[in-house]
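Computed from a prediction, not measured in an experiment: that's the story for all the values here. We use all heavy atoms of the structure for the numbers below, so side chains are in, but hydrogens, waters and symmetry mates are not.
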Amino acid sequence: MVDEPEGPEAVQRATDACLRLLKARGRSRHELTLALERKGYPGSVRDAVLARLLEWGYLDDAKFARERAQALLGRGKLGPRAVLQRLQAHGLEGTQARRALAEAKDAVGFDALEAARQVLERRRLAGRPLDAKEQARAGRLLLSRGFAPDIVTRLVGEASLDPSGQDE
């Protein structure tokens, strides 16, 4: 898009664009900045819009990070490492993303072992002995979903030894 001129009209158009994005789902400051850059708004307009959204309470990266982490963990399809990666992809810095992840784990009562077990159950890789190929597939699946290697080793080991999938 051609660069937008500066001025109150440009600030209003940029604000409206951000509000449309925020209506669909929460966004981080970084995401809104990128959206405004793509639309060609100059830095002064972007800064004015972001300050306005912050003042109105529509822009809160800490709240966004917590809510996003809770939503991702609550679905039970991802482990903590994948959630952390996604938060950082939204432009959240490491410390803030890790804090949000820890708060989200507490809020949803996240149990990594149980979440990983559910991932395997959905793929029909739990509750029965697995051959070597299935063990490798289960391990790759859990690692790709952001579960820690110790969780993966424990569950894949259970699947190869204990047909019930339960702890001793």
Side-chain angles (χ1 to χ4, degrees), residues 17-39 46 49-50 53-54 57-168:
C18 285
L19 290 174
R20 281 190 299 276
L21 290 172
L22 289 167
K23 185 178 178 182
R25 70 166 176 83
R27 311 272 173 166
S28 68
R29 176 184 204 90
H30 176 74
E31 288 177 291
L32 292 176
T33 299
L34 290 177
L36 294 173
E37 284 176 0
R38 281 191 303 272
K39 292 180 181 289
R46 292 191 306 263
V49 169
L50 295 175
L53 294 173
L54 186 63
Y58 289 125
L59 189 59
D60 182 345
D61 278 353
K63 179 181 175 190
F64 167 78
R66 276 190 313 275
E67 290 174 353
R68 187 72 183 132
Q70 285 177 8
L72 291 169
L73 286 176
R75 290 183 191 143
K77 295 180 180 181
L78 297 176
R81 292 171 182 215
V83 171
L84 187 61
Q85 269 185 328
R86 283 175 172 73
L87 292 177
Q88 291 172 331
H90 285 291
L92 301 163
E93 60 101 31
T95 304
Q96 188 175 42
R98 283 188 295 279
R99 185 178 321 118
L101 177 59
E103 291 172 5
K105 282 178 174 180
D106 290 342
V108 299
F110 184 76
D111 178 348
L113 188 62
E114 184 55 33
R117 190 174 276 129
Q118 288 175 5
V119 168
L120 292 179
E121 286 172 0
R122 280 195 285 283
R123 292 291 178 101
R124 301 189 198 307
L125 292 169
R128 62 182 174 83
L130 301 178
D131 63 28
K133 187 175 177 181
E134 289 174 318
Q135 287 178 19
R137 182 173 161 231
R140 285 191 309 273
L141 173 66
L142 293 176
L143 289 171
S144 74
R145 296 286 177 91
F147 291 97
D150 62 318
I151 297 288
V152 174
T153 301
R154 182 165 176 198
L155 282 178
V156 172
E158 281 180 11
S160 67
L161 301 174
D162 181 7
S164 71
Q166 302 296 315
D167 291 340
E168 296 177 350

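- Between Leu72 and Arg68 the shortest side-chain heavy-atom distance falls below 4.5 Å.
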* **Stepwise side-chain contact (heavy atoms from CB on, under 4.5 Å) test for Leu155 and Arg117** => CA-CA 7 Å; Leu155 282 178; Arg117 190 174 276 129; 3.6 Å; yes
Under 3.5 Å, sequence neighbours excluded: what are the donor-acceptor pairs made by side chains of residues 99-112?
from: Asp111; atom 1: OD1; to: Leu113; atom 2: N; distance (Å): 3.1
from: Asp111; atom 1: OD1; to: Glu114; atom 2: N; distance (Å): 3.4

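- Taking the side chain to side chain contact (heavy atoms under 4.5 Å, CB included) definition, one finds that Ala71 meets it with nothing, sequence neighbours left out.
- Within the 3.5 Å criterion, the main-chain N or O of Gln85 finds no donor-acceptor partner in the side chain of Gln88.
- For the pair Leu78/Val119, no side-chain contact is recorded, criterion being any heavy-atom separation below 4.5 Å from C-beta on.
- Ala24 and Arg27 get closest at one heavy-atom pair: CB-NH2, 4.0 Å.
- For Leu87 against Ala65, the heavy-atom pair with the smallest separation is CD2-O, 3.7 Å.
- The two residues Leu50 and Arg29 come nearest to each other via the heavy atoms CB-NH2, 3.8 Å.
- Legend: residues meeting salt bridge (Lys or Arg N to Asp or Glu O under 4.0 Å) with Arg140, ordered by chain and number and at least two apart, are absent.
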* Should Arg25 and Glu67 be marked as a salt bridge (Lys or Arg N to Asp or Glu O under 4.0 Å) after you check the CA-CA gap, both sets of side-chain angles, and the distance that decides it? -> CA-CA 11 Å; Arg25 70 166 176 83; Glu67 290 174 353; over 6 Å; no
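- Evaluation of the ring pair (Phe, Tyr, Trp, His ring centres under 6.0 Å) test over residues 60-83, restricted to residues two or more places apart or in two chains, returns Phe64-His90.
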* To do: Using the side-chain contact (heavy atoms from CB on, under 4.5 Å) rule, take Leu53 and Leu19 through it: C-alpha gap first, then chi angles, then the decisive distance, then the call.
  => CA-CA 9 Å; Leu53 294 173; Leu19 290 174; 3.8 Å; yes
* Asked: Which is it for Val156 and Leu130 under the side-chain contact (heavy atoms from CB on, under 4.5 Å) test, yes or no, and what are the steps along the way?
  -> CA-CA 8 Å; Val156 172; Leu130 301 178; 5.6 Å; no
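- Shortest non-hydrogen contact noted between Ala148 and Arg81 is CA-NE, 3.9 Å.
- How far OG of Ser28 is from CG of Leu34: 8.0 Å, rounded to the nearest 0.5 Å.
- Here the closest heavy-atom approach between residue Pro129 and residue Glu134 is recorded as O-OE1, 4.2 Å.
- The line from CG of Leu92 to CZ of Arg98 is 12.0 Å long, rounded to the nearest 0.5 Å.
- In this structure, CD in Glu31 is found 9.5 Å from CG in Leu22, a value given to the nearest 0.5 Å.
- Residue pairs meeting the ring pair (Phe, Tyr, Trp, His ring centres under 6.0 Å) criterion with at least one member in residues 113-151: none, sequence neighbours excluded.
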* Please step through side-chain contact (heavy atoms from CB on, under 4.5 Å) for the pair Ile151 and Leu142, ending with a clear verdict. => CA-CA 9 Å; Ile151 297 288; Leu142 293 176; 5.6 Å; no
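- With sequence neighbours excluded, no residue satisfies side-chain hydrogen bond (donor to acceptor under 3.5 Å, both in side chains) with Gln96.
- Taking both residues in full, the closest heavy atoms of Leu120 and Ala138 are given as CD2-CB, 3.7 Å, listed atom of the first, atom of the second, then distance.
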